Amino acid sequence: MRPEVRERIRALGRELTPELIEGTHRLFAELHARAGNGEDGGGTAGSRVTRDLRYGPDERNRLDLWLPAAAERGARANGGGERTAGGGRPALLFVHGGGFVRGDKCIPGLPFYDNIGRWAAARGFIGATMTYRLAPKHAWPAGAEDVGRAVEWLAEHVAAHGGDPGKIFAMGQSAGAVHVATYLAFPRFQGSAGARLAGALLTSGLYDLDRADRNEFQKAYFGSDESRYAERSSLTGLVRTNVPILASVSEFDADDFYRQAALFVSEFANTRKRYPRMLYLTGHNHLSSVHQIGLPEDSLGPEVAAFIEAVSTASAE
């Protein structure tokens, strides 16, 4: 990362204030514009996006599907028919953050989170960016249920677009990481077939609610009865899943995300007797970790791609 960019991120502070959110949006929108990345991702060379595919019954159960041009040609040549597991491209599902009460798969006038779908297609993956139900109208476990619905939708449909239903990866950031972690930790959210994920990527998430800082966003989603926070935490089940995980925390994350990352590492090491895959993203804050994906100086995207490719290769052996 260029020193001047790191300094601008550092100057925004570490707490999730409106100033940090707006400042990070402006900075990385500017960097994407300089790199020639479009605001809406549509019509980019080498990829095609289909918007607002419905994966569930709620109005917010929508996802955008990003296809490499080669995958689209291959699907047409194959007549759009089914492919068996192992015969297609990996698929990456991105689950946005927003403190459980806001957020969307794309932000009008900004490149987020089209940058992730576009990047996935550019790497030769199938990209999917999803929207899910929000608190307070939809409390725990709505987010995990919606992740499950989206994963099931991909498992049923991705082969027709050149993807491999056995190579679905979910990447969540902040609240999105909580929803992906909860999906993995509780088998009841995975359907009768069990977890269909080949791997998961958790960026700046919360895993142990009992030891997390309290705020109104958590109460809106997890409820005001804090005696139930332990049973709704993902940490215990998360470190026991056999689904490979790549987790990360950022240099300028707030203190609570550092503590949560440390709890994940400690619990994983004590349970599995080895160190988890864990990244420390130097120079980044809570948002910039995913806002940077697709830029020339992207430090997270290559790690995500390497993880997907390594897990996909191992599963094929």
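By convention here, the first residue in the shown sequence is residue 1. The shown structure was predicted, so the numbers you read here are calculated from the model rather than taken from an experiment.
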Electrostatic pair [X]-[Y], nearest N-O below 4.0 angstrom:
| X | Y | value |
| --- | --- | --- |
| Asp253 | Arg259 | no |
| Glu309 | Arg123 | yes |
| Arg149 | Glu152 | no |
| Glu30 | Arg34 | yes |
| Arg133 | Asp146 | yes |
| Glu226 | Arg214 | yes |

Min side-chain heavy-atom separation [X]-[Y] under 4.5 Å:
| X | Y | result |
| --- | --- | --- |
| Val151 | Tyr55 | no |
| Arg2 | Glu297 | yes |
| Tyr132 | Val95 | yes |
| Glu15 | Leu20 | no |
| Phe100 | Lys219 | no |
| Met130 | Phe94 | no |
| Leu16 | Phe257 | yes |
| Leu295 | Asn115 | no |

For [Y], does its backbone N or O pair with a side-chain atom of [X] as donor and acceptor, under 3.5 Å?
| X | Y | answer |
| --- | --- | --- |
| Arg10 | Arg14 | no |
| Arg62 | Glu59 | yes |
| Ser233 | Leu209 | yes |
| Arg6 | Ile9 | no |
| Asp104 | Ile107 | no |
| Ser315 | Ser312 | yes |
| Arg240 | Thr236 | yes |

Q.
side chain to side chain contact (heavy atoms under 4.5 Å, CB included) for Glu303 and Leu281? Distances and angles first, verdict last.
A. CA-CA 11 Å; Glu303 297 282 358; Leu281 301 175; 5.9 Å; no

From [X] atom [atom1] to [Y] atom [atom2], the distance as rounded to the nearest 0.5 Å:
| X | Y | atom1 | atom2 | answer |
| --- | --- | --- | --- | --- |
| Leu201 | Leu197 | CG | CG | 10.0 Å |
| Ile168 | Arg196 | CD1 | CZ | 7.5 Å |
| Leu263 | Asp210 | CG | CG | 11.0 Å |
| Trp140 | Phe222 | CH2 | CZ | 8.5 Å |
| Ser204 | Asp256 | OG | CG | 11.0 Å |
| Lys167 | Leu154 | NZ | CG | 15.0 Å |

Pair [X]-[Y], side-chain donor/acceptor within less than 3.5 Å:
| X | Y | value |
| --- | --- | --- |
| Ser289 | Gln173 | no |
| His284 | His291 | no |
| Thr50 | Arg48 | yes |
| Ser250 | His286 | no |

Q: Take Trp119 and Phe125 through the side chain to side chain contact (heavy atoms under 4.5 Å, CB included) test and state the conclusion after the steps.
A: CA-CA 9 Å; Trp119 169 86; Phe125 307 143; 4.2 Å; yes

Heavy-atom closest contact ([X] atom, [Y] atom, distance):
| X | Y | result |
| --- | --- | --- |
| Asn37 | Gly294 | ND2-O, 3.7 Å |
| Ile308 | Pro90 | CG2-CB, 3.6 Å |
| Pro187 | Ala185 | CD-O, 3.5 Å |
| Arg89 | Gly124 | NH1-O, 2.9 Å |
| Met278 | Ala261 | CE-CB, 3.4 Å |
| Met171 | Val180 | C-CG2, 4.5 Å |

**Q.** Worked check of side-chain hydrogen bond (donor to acceptor under 3.5 Å, both in side chains) between His96 and Thr131
**A.** CA-CA 7 Å; His96 65 80; Thr131 296; 4.6 Å; no

Q: Apply the test side-chain hydrogen bond (donor to acceptor under 3.5 Å, both in side chains) to residues Ser299 and Gln292: give CA-CA distance (whole Å), side-chain angles for both, the deciding distance (0.1 Å), then the verdict.
A: CA-CA 8 Å; Ser299 58; Gln292 69 169 327; 3.2 Å; yes

Q: For side chain to side chain contact (heavy atoms under 4.5 Å, CB included), just list the numbers for Tyr221 and Leu134, CA-CA rounded to whole Å, side-chain angles, deciding distance to a tenth of an Å, and then say yes or no.
A: CA-CA 8 Å; Tyr221 183 64; Leu134 299 174; over 6 Å; no

(Q) Under the side-chain hydrogen bond (donor to acceptor under 3.5 Å, both in side chains) test against Lys105, which residue among Asp64, Asp114, Thr129 passes? (A) Asp64

Q: Verify side chain to side chain contact (heavy atoms under 4.5 Å, CB included) between Tyr258 and Tyr280, making sure each step is shown before the conclusion.
A: CA-CA 10 Å; Tyr258 272 102; Tyr280 178 75; 3.4 Å; yes

Q: Please state whether the rings of Trp153 and His157 are parallel, tilted or perpendicular, taking 30° and 60° as the class boundaries.
A: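 Rings of Trp153 and His157: parallel, as their planes differ by under 30°.
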
Q) Would one find more than 12 heavy atoms of other residues, nucleotides or ligands at under 6.0 Å from atom CZ of Phe217? A) no

Q.
Between Tyr183 and Phe189, is the ring centroid distance below 6.0 Å?
A. no

